[in-house]
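Lettering of chains follows the sequences in order, A, B, ..., and the numbering in each one begins at 1.
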Amino acid sequence: MEKKFKRTTITSALPYANGPVHIGHLAGVYVPADIYARYLRLKGEDVLFIGGSDEHGVPITIKAKKEGVTPQDIVDRYHGIIKKSFEEFGISFDVYSRTSSKIHHEVASGMFKTIYEKGGFIEQTNEQYYDETAQQFLADRYITGKCPHCGNENAYGDQCEACGTSLNPTDLINPKSAITGNAPVMRETKHWYLPLDQHEEWLRKWILEDHKEWKTNVYGQCKSWLDMGLHPRAVSRDLDWGIPVPLKNAEGKVLYVWFDAPIGYISNTKELCDNQPEKFGKWEKWWKDPETRLVHFIGKDNIVFHCIVFPAMLKAEGSYILPDNVPANEFLNLEGDKISTSRNWAVWLNEYLVDFPGKQDVLRYVLTANAPETKDNDFTWKDFQTRNNSELVAIFGNFINRAMVLTQKYFDGKVPAIGELTNYDRQTLAEFINVKADVEKYLDIFRFRDAQKEAMNLARIGNKYLADTEPWKTAKTDMARTATILNLALQIAANLAIAFEPFLPFTADKLRKILGLNSFNWKQLGSTQLIEEGHQLNAPELLFEKIEDDVIEAQIQKLLNTKKTNELDNYKPDEVKEQVSFDAFMKMDIRVGTILDCQRVPKADKLLQFKIDDGMGGRTIVSGIAKYYNPEDLIGKQVCFMANFEPRKLKGIVSEGMILSAEDADGRLVIISPNDTVKTGVNVG
RNA sequence: CGCGGGAUGGAGCAGUUGGUAGCUCGUUGGGCUCAUAACCCAGAGGUCAUUCGUUCGAGUCGGAUUCCCGCAACCA
C-alpha cells in the first residue's frame with residue numbers, strides 16, 4: 001500500500017543538556033537524520049528538520065547542585081555548546097531550540113490541559129517517601145535500603161543491582177534517603193497518569209499490523225512491550241525544575257520530563273513557523289495534516305517513548321498525526337568500550353571540530369559507513385584513519401584529482417567536447433545511471449550505510465573508466481578521443497557532487513566550486529550533461545588529505561589522558577569525619593609488618609592474599625589491591641596494617657587485619673609504608 | 001547455574017520471510033604511470049564458535065556446551 005504524503009516532518013531525539021554531544025549521538029541519530037533531511041530537500045520535497053535541547057529532569061538538578069550553580073546555568077552552558085557544534089558540523093536543522101523556552105512551556109502546558117479536559121488522565125493519590133530534612137519527595141533512585149530478596153544493603157528504590165530484581169521503593173527494608181541519609185517518611189502525594197493500558201488495543205493494531213515495515217529492532221521491542229501489557233504511567237513529578245502542572249491544585253508539581261520532552265518537537269516547530277510564516281507556513285500543517293509524514297530519528301533507548309508513549313499522548317490529545325516511521329539505531333562503542341559520559345569515554349563533537357578543522361565530512365563518512373544500524377558497532381581511530389586514507393582519499397578524492405589534472409593538462413581546464421561513444425563508454429554510462437536508483441532505494445528504507453556505499457561506487461566506476469580508457473595514452477595520438485573520455489570523466493565527477501550531497505555536504509560544495517558549478521537537484525543525478533563543453537574549470541584542489549599515524553596516535557593518547565585527568569580534576573577531598581577522642585584513636589592498633597608471601601586469590605580480580613611477619617608469629621591478610629600491584633614485587637616490603645581488626649572472611653579466606661593504603665583520585669591504591677626500614681612489629685601512632 | 005549482549009575468511013561489518021556465503025580494508029601476483037606510493041585486473045583466504053535436533057535443505061529455526069565483552073560481585 002503506497003501512501004502519498006505531501007511533506008515530511010523529521011525529528012531527531014533532543015539531546016539532554018547535561019553534557020556535550022559525542023560520536024555515539026551523531027552516529028545513532030543526527031547524521032542519519034541529517035542525511036535524510038538533505039536528501040528529501042535535494043529532491044525538492046517539503047521538509048522540516050527539528051532539533052533542540054532537552055533541559056528538564058532530575059539529572060540536571062543534581063549536576064547543578066554538585067557544581068553549586070543553578071539548573072538554568074547548566075542548561076545554558078550545554079545548550080550553547082551543543083547548538084554551536086551541530087551548526088559547525090553541518091547538521092541542517094531548520095530549527096534548534098530548547099525546552100526551557102517560553103513557547104515550549106506554553107505548548108506543553110496546553111497539551112496537558114487539553115488531554116486533561118478530555119479526561120485523558122487518571123488522578124491518583126499515593127503515599128511516597130518524603131525526606132523531611134531536604135523537604136522533598138524522593139525519586140526511586142534516591143532511596144536506598146536492604147533488598148528483600150537477596151539482602152543487599154544498597155539496593156535502589158527501583159532496582160536491586162545485586163540480584164537484578166526490580167523493586168518499588170516501598171519494598172526496601174530500612175529505606176534511607178540518598179540525599180541526607182535520614183529515614184524518609186511516607187507522605188501522600190497526588191499525580192496524574194496517562195493510562196497506557198487504555199491505549200493498548202489501537203496501539204497493538206497500529207504497530208503490529210499497520211507498521212510491519214518498521215526496522216526489526218524497533219518492531220521487536222514494541223511487540224515485547226505490548227505483550228507484557230501496558231500500565232498507567234505518571235506524567236507529573238514533585239520537583240521544582242520543569243514545567244508546572246497547569247492546574248489549580250498542583251503546587252510543586254511539574255510535568256515529568258518524558259512527557260515534556262517530545263512535545264519539544266512541536267513547540268520548536270511552532271517557534272520556527274511563528275517566526276517565518278512566509279517560509280514555513282502554519283505550524284499545524286506539520287503536525288496535524290494527515291498528508292504530512294512524521295519520522296522520528298532516535299537511539300534504541302528511546303524506542304518505547306516514541307513508538308508507544310508519545311503516540312498515546314498525541315492520540316489522547318486528539319488532533320495530531322502519528323509517526324509513520326521510527327528508524328532507531330543501536331549503540332556505537334568506542335575502541336571496544338561502551339561510550340560513557342560519566343567515565344569520559346567518548347569523542348566529543350566540540351573537541352573533534354577543534355582537533356580536525358575542516359574535516360566534518362570525514363567523521364560523517366566514517367560514522368555512516370560504520371553506523372550501528374542493526375547491532376552495536378565499534379568506532380576506532382585506526383578505522384577512522386583507514387577509511388579516510390584508503391576510501392575518501394584514494395578512491396573519491398583521487399578520482400576527482402585525476403580528472404581535473406588531466407583536463408588541466410590537455411585542455412587548459414576547459415571541458416572538452418564529447419565525441420563518438422564507444423561500446424565501453426556506453427557500458428560505463430549505463431552502470432553509473434543505476435547509481436541513482438540504488439542510492440534512492442536504500443535511503444528510502446533508512447539504510448544509510450548501504451546508500452553511501454553505492455554513492456562511493458560511482459567514484460570506483462570513475463577510476464576504473466580512466467584506468468581502462470587511458471586518456472594519457474590516447475593524448476599522444478587522438479585528442480578527439482581524449483576529449484570524449486575526459487568529458488565523461490568530468491560528468492561522473494559532477495554526478496558525484498550530487499550523489500554525495502546528502503552524506504558529505506562540505507565536500508559536495510567544495511567539489512562544485514572546483515568544477516565551477518551551481519547547486520544541483522537530485523533529479524539531475526545520472527545525467528551525462530551536467531557540465532557543458534567549453535565550461536572553464538577552476539584550479540584543481542584536493543578534496544581530502546591523508547591522515548598520518550601520529551595524528552591518530554595523539555587522539556588515542558588523548559582519549560586515555562582525558563579520562564585520567566578528568567578523574568583527577570573532579571577529585572575533591574572527602575569531608576572530615578566526626579571528631580574522635582585520643583582514647584578512641586589509641587584503640588586502633590596499627591603496626592608495621594613485613595610481607596613474607598603474596599599471591600592472587602583465585603576467582604577474584606581484586607584480591608591479594610598476604611602472609612605478613614608481624615613479629616609475633618605471622619598472620620594472613622587479604623587486601624583488594626590486585627589491580628595495582630604484582631604479588632612478587634611486594635615480597636619483602638614493609639607495610640602498615642591494622643593489627644586488632646576484627647577478622648573477616650573474604651572469598652573463603654580469613655583476613656586478620658587490614659593493610660593500609662591511600663586511594664588516589666582515579667581509584668588507584670597505594671600501599672602505606674614507613675619511609676625507612678624499622679623493626680618488624682613496631683607500633684604506628 | 002547473577003543479568004544482558006555477542007561469536008561469519010587477517011581486521012571491521014552485511015546476510016531480509018531457511019535454498020550454492022557477500023562487502024570494505026588488508027594480503028599475494030600482475031598491469032598502469034594521469035593521480036595524494038594513489039588507480040585497475042586477477043588470485044589466495046571461511047567446516048558461518050562447538051554440538052545435538054527440526055527439515056528434501058540451516059549462517060538463518062529449537063535445545064545443550066565453550067569462549068569473549070559490558071554490568072554486577074569480591075575490594076575490612
Between B:rG12 (P) and A:L334 (CG): distance, integer Å: 15 Å
Watson-Crick or G-U wobble partner of B:rA35, both distances under 3.5 Å: none
Which atom of A:W472 lies closest to which atom of A:K476, heavy atoms considered: O-CE, 4.1 Å
Sugar-phosphate, base or nothing in reach of A:T386, heavy atoms under 4.0 Å: sugar-phosphate
Any-strand Watson-Crick or G-U partner of B:rA11, both distances under 3.5 Å: B:rU24
B:rG59 - base-pair partner by Watson-Crick or wobble geometry, distances under 3.5 Å: none
Protein-nucleotide distance (A:Q385, atom CD; B:rG26, atom P), rounded to Å: 11 Å
Least distance between heavy atoms, A:R387 atom then A:A369 atom: NE-CB, 3.5 Å
B:rA14 to B:rU33 separation - P atoms, rounded to the nearest Å: 40 Å
Touch class at under 4.0 angstrom, heavy-atom based, for A:L543 against every strand present: base
Touch class at under 4.0 angstrom, heavy-atom based, for A:N377 against every strand present: sugar-phosphate
Distance below 4.0 Å between A:R460 side-chain N/O and B:rC25 OP1 or OP2: yes
Listed nucleotide nearest any side-chain atom of A:F645, set B:rC40, B:rA76, B:rC25: B:rA76
A:F356 and A:F384 aromatic centres sub-6.0 Å: yes
P-based separation of B:rA72 from B:rU50 [nearest Å]: 32 Å
Nearest-nucleotide comparison on RNA chain B, the residue closer to the 5′ end among A:E541 and A:I395: A:I395
Ring geometry between A:W381 and A:Y352 (parallel below 30°, tilted from 30 to 60°, perpendicular above 60°): parallel
Touch class at under 4.0 angstrom, heavy-atom based, for A:D450 against every strand present: nothing
Integer angstrom distance from the P of B:rC23 to that of B:rG9: 15 Å
Span that lies between the C1' atom of B:rU27 and that of B:rA11, in whole angstrom: 11 Å
Pair A:F446 + A:Y36: ring centers closer than 6.0 Å: yes
B:rU16 and B:rC34, which share atom name P, separated by this distance in whole Å: 47 Å
Between P of B:rA38 and CG of A:N388, the distance in whole Å: 13 Å
Sugar-phosphate only, base, or nothing, as touched by A:V405 at under 4.0 Å among non-hydrogen atoms: sugar-phosphate
Test side-chain hydrogen bond (donor to acceptor under 3.5 Å, both in side chains) applied to A:T507 and A:D361, step by step: CA-CA 7 Å; A:T507 303; A:D361 280 352; 2.6 Å; yes
Length of the CD1-P vector between A:I485 and B:rA35, whole Å: 16 Å
Inter-nucleotide C1' distance (B:rC61, B:rU55), Å rounded: 10 Å
Listed nucleotide nearest any side-chain atom of A:R449, set B:rU36, B:rC39, B:rA14: B:rA14
Touch class at under 4.0 angstrom, heavy-atom based, for A:D378 against every strand present: sugar-phosphate
N/O (side chain, A:K453) to phosphate O (OP1/OP2, B:rU24) under 4.0 Å: no
Euclidean distance for P, B:rG2 against B:rA76 (whole angstrom): 24 Å
Position toward the 5' end of RNA chain B (nearest nucleotide), A:W472 or A:R387: A:R387
Side-chain touch A:L367/A:P32, heavy atoms, less than 4.5 angstrom: no
Paired nucleotide for B:rG70 [Watson-Crick or G-U wobble; both distances under 3.5 Å]: B:rC3
Sugar-phosphate only, base, or nothing, as touched by A:F544 at under 4.0 Å among non-hydrogen atoms: base
Nucleotide B:rA37, atom C1' - distance to CZ of A:R402 in whole Å: 13 Å
Short side-chain N/O contact to B:rC39 OP1/OP2 from A:N398, under 4.0 Å: no
N or O in side chain of A:K382 less than 4.0 angstrom from B:rG12 OP1/OP2: no
is_close_aromatic(A:F396, A:Y365), centroid dist under 6.0 Å: no
Presence of A:K546 side-chain N/O under 4.0 Å of B:rA38 phosphate oxygens OP1/OP2: yes
Between P of B:rG6 and CG of A:N333, the distance in whole Å: 12 Å
Touch class at under 4.0 angstrom, heavy-atom based, for A:E391 against every strand present: sugar-phosphate
B:rG63 and B:rU54, which share atom name C1', separated by this distance in whole Å: 11 Å
